[in-house]
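Counting convention: from 1, in listed order, for ligands and their atoms alike.
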Amino acid sequence: FDSLLAAKLASAEGRNALFATLPEDGRRYSYGDVEEVSGRFANVLVGLGVNPGDRVAVQVPKSIESIMLYLAVVRAGAVFLPLNTGYTPVEIEYFLGNATPRIFVCDPKKRADYEALTSSLGIGLETMGVWQNHETSAGSLPDAGLAAPTVFDTVSRSADDLAAILYTSGTTGRSKGAMLSHANLVSNAETLADVWHFTKDDVLLHALPIFHTHGLFVATNVTLSAGASLIFLSGFSAETIITNIPGATSLMGVPTFYTRLLDEPGFTADLVKHMRLFVSGSAPLLAETHVQFEQCTGHRILERYGMTETNMNTSNPYDGERRAGTVGFPLPGVDLRIVDAETGKALPQGEIGIIEVKGPNVFSGYWQMPEKTREEFREDGFFITGDVGVIDVDGYVQIVGRSKDLIISGGYNIYPKELELLLDEDEGVLESAVIGVPHPDFGEAVVAVLVPKPAAKLDEAGIMESIQSKIARFKQPKRIVVLDELPRNTMGKVQKNVLRDTYKALFS
Ligand code: ATP
Ligand code: MG
């Protein structure tokens with residue numbers, strides 16, 4: 001892992017090079033600062049009894065120091081375990097009990113909430129908040145860091161040793177801890193920096209959360225690997241993106257970043273004409289958004305596909321056609337196949353099935369879930385992603401949905417996405433979620449959950465009528481439900497399991 005930094009730190013010029021600017025408090029971090037601050041934190045961790053292989057769990061507000069803490073944990077040979085800042089103490093109890101970290105670092109404001117829990121589990125409790133000024137403490141860990149030496153001999157680890165445990169987003173059920181090795185992270189960072197043409201001159205506008213693979217590994221590790229720099233923001237708002245984008249060369253975002261930016265009159269072709277790259281991932285980018293973005297800015301968003309367990313698997317090409325509605329080609333070194341869900345046999349191009357992947361990016365298993373791990377790997381080492389997809393004639397991978405969301409009605413397979421795309425075309429529909437619920441005759445029945453646009457009145461009969469000519473009868477919804485908003489998890493992903501549960505008795 002140290003290799004990501006080593007080249008940069010080898011020369012004085014490299015040490016002085018910029019790693020991050022923090023527009024919100026006016027500070028800047030050089031690569032030399034990265035080494036020193038992560039060195040201080042690593043010394044603190046070792047002093048607190050953190051040994052190689054120990055987990056360090058972290059639930060702290062986004063700050064550049066929390067990136068330094070990530071690097072410090074890895075430099076100390078320990079395993080970084082970031083947790084979503086949206087999780088409540090009740091949810092955190094599961095993660096701490098499951099991961100049994102040596103230390104838990106929390107927001108100073110939440111310390112009291114965790115004292116009893118951590119002491120009963122025998123876990124050390126430290127705090128880290130956001131740096132404000134030299135007079136105000138940012139927490140017990142940064143305070144100790146100020147008194148610690150900057151020099152730290154990075155603990156050497158082998159390629160297969162764990163660098164992080166990252167919990168999945170919990171969209172389809174309980175979050176699982178994905179065990180990621182040094183080699184998993186480094187190989188993916190180097191591949192992405194290469195295929196996306198990142199160099200030391202790049203400036204990435206960073207507005208993603210850093211407890212998730214996208215903001216932590218894709219954005220941060222690619223930057224470190226290329227020796228590039230960040231404009232580091234505490235979170236996303238269209239306004240701060242517009243203010244800071246003139247100094248950036250690239251942006252990585254989830255699809256909502258792009259739809260929100262398109263709503264802003266200040267987001268214009270002129271504002272972003274200097275930009276080199278816009279990347280989207282974590283959730284499907286609607287083809288419509290892709291097209292609108294190009295019309296507005298002249299840039300084609302580059303969509304890629306990955307998951308907590310595998311880092312990134314596919315990407316649209318840097319040079320060549322970025323095809324809307326697809327996630328591009330398997331990355332170099334990644335084997336990807338589409339298989340039949342039942343038989344596990346590889347399917348010919350053009351047929352829909354389960355996506356399986358194998359490569360240096362793929363995790364070694366779920367933390368303390370050997371059975372789940374066995375279930376999700378084939379004998380030949382392929383990981384069963386649980387995503388349903390198809391490869392088109394030109395080799396582009398398209399994600400159709402998740403296998404858990406597949407509806408089987410009257411013996412027919414129905415992929416919700418196809419119907420969702422049709423429903424979204426209705427001018428009154430803001431978004432939709434199609435689910436299957438138990439039905440006495442059909443096994444499952446198709447239910448369309450619709451969210452109207454603000455002030456729009458949905459014409460359900462009209463929607464049903466317009467669908468009839470476009471999609472086979474067995475795929476048409478048996479019922480339409482209208483909601484003000486769809487249930488989402490803390491990553492903003494639609495929770496279809498919650499919808500299925502809510503409407504499970506609709507036909508009984
Ligand atoms: P859980 O596994 O706990 O149910 P999750 O799968 O949502 O939650 P993540 O690992 O954060 O947790 O998300 C990975 C998933 O996100 C992928 O398996 C895929 O379904 C979806 N995804 C990521 N990128 C894209 C993309 N570009 N297009 C469509 N879906 C995507
Ligand atoms: Mg998943």
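In terms of protein heavy atoms, atom 10 (O) of ligand 1 is closest to T308 OG1, 2.6 Å. Atom 11 (O) of ligand 1 has S169 OG, 2.6 Å as its closest protein atom, hydrogens excluded (heavy atom only). M307 CB, 3.4 Å is the protein heavy atom nearest to atom 14 (C) of ligand 1. The nearest heavy-atom contact from the protein to atom 22 (N) of ligand 1 is S282 O, 3.6 Å. For atom 2 (O) of ligand 1, the closest heavy atom belonging to the protein is K176 NZ, 3.4 Å. Of all protein heavy atoms, the one closest to atom 7 (O) of ligand 1 is T171 OG1, 2.5 Å. Nearest protein neighbour of atom 25 (C) of ligand 1, counting heavy atoms only, is A283 N, 3.8 Å.
Polar contact check, R402 against ligand 1: a nitrogen or oxygen pair lies under 3.5 Å apart. Taking only nitrogen or oxygen atoms, main chain and side chain alike, R174 does not reach within less than 3.5 Å of ligand 1. Between D387 and ligand 1, at least one N/O pair is under 3.5 Å apart. Note: an N/O pair closer than 3.5 Å links K493 and ligand 1 by distance alone. Geometrically, ligand 1 and E303 share a nitrogen or oxygen pair separated by less than 3.5 Å.
Judged by distance alone, the side chain of R102 and the main-chain N or O of D54 form no donor-acceptor pair under 3.5 Å.
Neither the backbone nor the side chain of S280 has a heavy atom within less than 4.0 Å of ligand 1.
Relative ring orientation between Y396 and F329 is described as tilted, the plane-to-plane angle lying within the 30° to 60° band. The aromatic rings of F278 and F293 stand perpendicular to each other, their planes meeting at an angle above 60°, with 30° marking the opposite boundary.
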